[in-house]
Amino acid sequence: MGLFDDDFYSTKISRQSKNTSEDPSERKTKWRTSRRKKSLSTFQISAISSVCSALIAVMLFSFLTGHPATSSPMTLINGSHQLSTSDGDPYERIISAAQKVRPAVVSVLTHKETILPEEEGLEGEGLEEESAVPPEQEGDFELPEGFDFGEDFDFGNDFGGSQEDALGSGVIFKKLEGKAFVITNNHVVEGADSLEVVLVGGEKRKATLVGTDNVSDIAVLSIDSKGIGEVAEFGDSSKLRLGETVIAIGNPLGLGDTLTSGIVSYTNRIIPVSLNQDGIYDWEQEVIQTDAAINEGNSGGALVDLNGKVIGINTMKIADTGVEGLGFAIPVNEITEVVTELMLKGHIARPYLGVYTVDLSNPYAPLSKKEKENLKLPKTVTEGVVVLDALGPALDAGMQLNDVIIKLDGKPITTTLELRKHLYRNTKVGSDLNVAFYRDGKLQSLKVKLEEKPGE
């Protein structure tokens with residue numbers, strides 16, 4: 001029998017029926033036997049359909065979620081990243097990564113002492129003055145009943161306290177000889193008189209500044225390592241991919257142990273910065289752009305991949321009306337050597353030329369027509385850096401005011417940024433630097449022996 005109760009009906013005569021010499025009963029038997037061999041029963045077809053549907057559903061689930069539908073943990077190799085997956089919640093990897101790294105992320109408290117006006121000059125001999133109030137009358141001073149200072153009375157900026165506190169975040173990345181080392185941003189601890197670190201459990205510990213670097217915006221602190229377990233593990237930021245899920249952990253607005261998630265919006269964004277905070281961009285910072293929420297207090301915290309490895313140190317965001325989801329982190333590959341040198345020396349030894357300069361073609365602070373005429377440059381020279389002052393190595397080598405530097409070691413230099421990048425990336429302390437420049441309209445050159453940049 002076929003798929004239906006009745007055999008297929010046709011008005012056409014079967015060719016087999018044309019053979020009249022064949023016995024009808026034999027013909028019917030042969031025909032039904034042939035149909036049984038070629039067809040499947042309703043139960044068999046239903047079973048096959050069910051199995052196929054189940055397989056297709058499993059394949060679609062794995063394709064859409066990226067999770068193999070198996071009961072045992074598996075490892076997927078995506079490019080160079082090993083991503084551990086498990087059955088169930090598709091966000092389980094975020095939860096696992098956060099659990100792994102969050103104990104190593106801390107809050108950083110900075111304290112700045114302010115000197116009250118009456119406290120200035122109190123130390124030393126002969127500064128004591130006789131009190132206008134006799135000793136026997138000293139005590140709590142009470143104002144007359146109903147006394148009012150008035151709306152215009154100014155208590156002063158220092159009334160009510162003499163300490164300014166600021167918040168940031170940090171990451172414990174190493175334990176050594178009874179100390180735990182914390183990485184954070186330079187701008188978090190800059191100018192602080194004392195430092196504290198708050199662990200994930202809420203315990204406060206005094207912190208010591210090991211070293212700091214303004215150029216990379218990195219600082220290293222140390223605390224007592226007693227009771228501190230695992231430290232954060234650094235990943236490889238060079239292998240990040242656009243769209244990869246990342247987690248930001250830190251202390252935004254004092255809300256410690258806060259976790260947000262997003263994606264990598266761009267792997268190596270270049271952001272101009274002003275090291276001197278004078279509004280003139282004199283350095284470039286390579287950063288990871290992410291839409292994970294980064295707010296005030298997140299600076300110095302961890303940007304983490306789904307393997308629970310730190311791949312960036314959160315450092316800044318663009319805060320403006322109508323702007324959302326523009327946060328930035330310093331890639332860990334860019335700071336590994338900086339952190340090592342800070343732990344060894346407490347500072348970064350960078351080469352120092354000793355010139356203060358302004359760009360010849362700076363569109364934001366252009367030179368006047370008269371200033372350009374005083375330089376006596378050939379008309380073909382339109383780019384370079386003008387020396388405003390020569391100190392240290394540059395002064396010793398003979399550089400002067402209004403010299404226009406156009407090349408360093410044969411490489412064209414058009415801006416102060418390019419000059420600084422060449423010094424920091426292509427030269428070393430103690431090496432000789434070939435400087436080509438114009439003076440009074442004449443092309444000249446000299447060698448400058450670079451020294452270590454003095455502390456700022």
Side-chain angles (χ1 to χ4, degrees), residues 104-106 108 110 168-176 179-192 195 197 207-223 231-240 250 267-277 281-289 298-304 309-316 328-353 417 419-431 450-456:
V105 180
V106 299
V108 178
T110 64
S169 305
V171 181
I172 302 174
F173 68 97
K174 191 178 187 65
K175 290 195 300 182
L176 182 66
K179 295 182 179 180
F181 293 90
V182 179
I183 186 172
T184 185
N185 286 137
N186 170 71
H187 72 261
V188 170
V189 301
E190 189 173 20
L195 298 165
V197 163
T208 302
L209 182 63
V210 176
T212 184
D213 179 48
N214 182 42
V215 175
S216 62
D217 194 23
I218 291 297
V220 176
L221 315 177
S222 67
I223 59 175
V231 300
E233 181 182 358
F234 286 171
D236 188 349
S237 58
S238 68
K239 295 180 180 179
L240 283 175
T267 56
N268 56 339
R269 182 75 67 192
I270 302 298
I271 299 294
V273 295
S274 175
L275 295 179
N276 300 324
Q277 300 296 314
Y281 297 127
D282 49 8
W283 188 244
E284 289 179 342
Q285 182 76 61
E286 181 178 332
V287 292
I288 302 167
Q289 181 181 329
N298 268 118
S299 291
L303 189 69
V304 185
K309 295 182 179 181
V310 178
I311 43 84
I313 300 299
N314 301 323
T315 185
M316 70 180 86
F328 303 96
I330 305 172
V332 292
N333 288 23
E334 296 293 318
I335 61 176
T336 304
E337 294 182 2
V338 172
V339 170
T340 301
E341 189 168 348
L342 288 178
M343 293 180 64
L344 293 174
K345 300 180 180 179
H347 69 281
I348 303 300
R350 288 193 172 89
Y352 176 61
L353 177 58
L417 174 60
L419 184 147
R420 193 188 297 267
K421 288 167 67 175
H422 181 82
L423 283 177
Y424 292 172
R425 297 176 179 177
N426 302 323
T427 65
K428 295 181 179 180
V429 176
S431 62
L450 299 174
E451 299 178 0
E452 182 176 337
K453 187 176 182 180
E456 298 177 350

[X] vs [Y] side-chain heavy atoms within contact, under 4.5 Å:
X: Val210; Y: Lys179; answer: no
X: Phe181; Y: Leu176; answer: yes
X: Val215; Y: Arg350; answer: yes
X: Phe328; Y: Arg269; answer: yes
X: Thr212; Y: Val220; answer: no
X: Ile183; Y: Ile335; answer: yes
X: Glu451; Y: Val429; answer: no
X: Leu195; Y: Leu209; answer: yes

Can you name the closest pair of heavy atoms from [X] and [Y] and give their distance?
X: Gln285; Y: Ser216; result: OE1-O, 3.8 Å
X: Arg420; Y: Leu275; result: NH1-CD1, 3.8 Å
X: Gly235; Y: Val332; result: O-CG2, 3.6 Å
X: Asn314; Y: Ala329; result: OD1-CB, 3.6 Å
X: Asp217; Y: His187; result: OD2-ND1, 2.8 Å
X: Lys421; Y: Trp283; result: CG-CZ3, 3.5 Å

Quick check: does any side chain N or O of [X] sit under 3.5 Å from a backbone N or O of [Y], one acting as donor and the other as acceptor?
X: Glu341; Y: Ala349; value: yes
X: Asn186; Y: Ala219; value: no
X: Thr184; Y: Ser169; value: yes
X: Ser237; Y: Asn333; value: yes

*First locate atom CG of Leu419, then atom CG of Leu353, and finally report the distance between them rounded to the nearest 0.5 Å.*
6.0 Å
*Between CG of Asn298 and CE of Met316, what distance do you get to the nearest 0.5 Å?*
13.5 Å
_Pair Leu450, Tyr352 - check side-chain contact (heavy atoms from CB on, under 4.5 Å), show working._
CA-CA 6 Å; Leu450 299 174; Tyr352 176 61; over 6 Å; no
*Have a look at Ile313 and tell me which of Thr315, Val310, Ile311 forms a side-chain contact (heavy atoms from CB on, under 4.5 Å) with it.*
Val310
*Can you list the steps and then say if Leu221 with Val108 is a side-chain contact (heavy atoms from CB on, under 4.5 Å)?*
CA-CA 10 Å; Leu221 315 177; Val108 178; 4.1 Å; yes
_Criterion side-chain hydrogen bond (donor to acceptor under 3.5 Å, both in side chains) on Asp213 and His347, from CA distance to verdict_ = CA-CA 6 Å; Asp213 179 48; His347 69 281; over 6 Å; no
*Under the salt bridge (Lys or Arg N to Asp or Glu O under 4.0 Å) criterion, do Lys309 and Asp236 qualify, and how do the steps go?*
CA-CA 9 Å; Lys309 295 182 179 181; Asp236 188 349; over 6 Å; no
*Mind checking whether Phe234 and Phe173 have parallel, tilted or perpendicular rings, split at 30° and 60°?*
parallel
*Count the heavy atoms of every other residue, nucleotide or ligand shown that sit under 6.0 Å from NZ of Lys175, and state whether that count exceeds 12.*
yes
*CD (Glu284) with more than 12 external heavy atoms under 6.0 Å*: yes
_side-chain contact (heavy atoms from CB on, under 4.5 Å) for Val106 and Val171? Distances and angles first, verdict last._
CA-CA 6 Å; Val106 299; Val171 181; over 6 Å; no
*Using the side-chain contact (heavy atoms from CB on, under 4.5 Å) rule, take Lys453 and Ile348 through it: C-alpha gap first, then chi angles, then the decisive distance, then the call.*
CA-CA 9 Å; Lys453 187 176 182 180; Ile348 303 300; over 6 Å; no
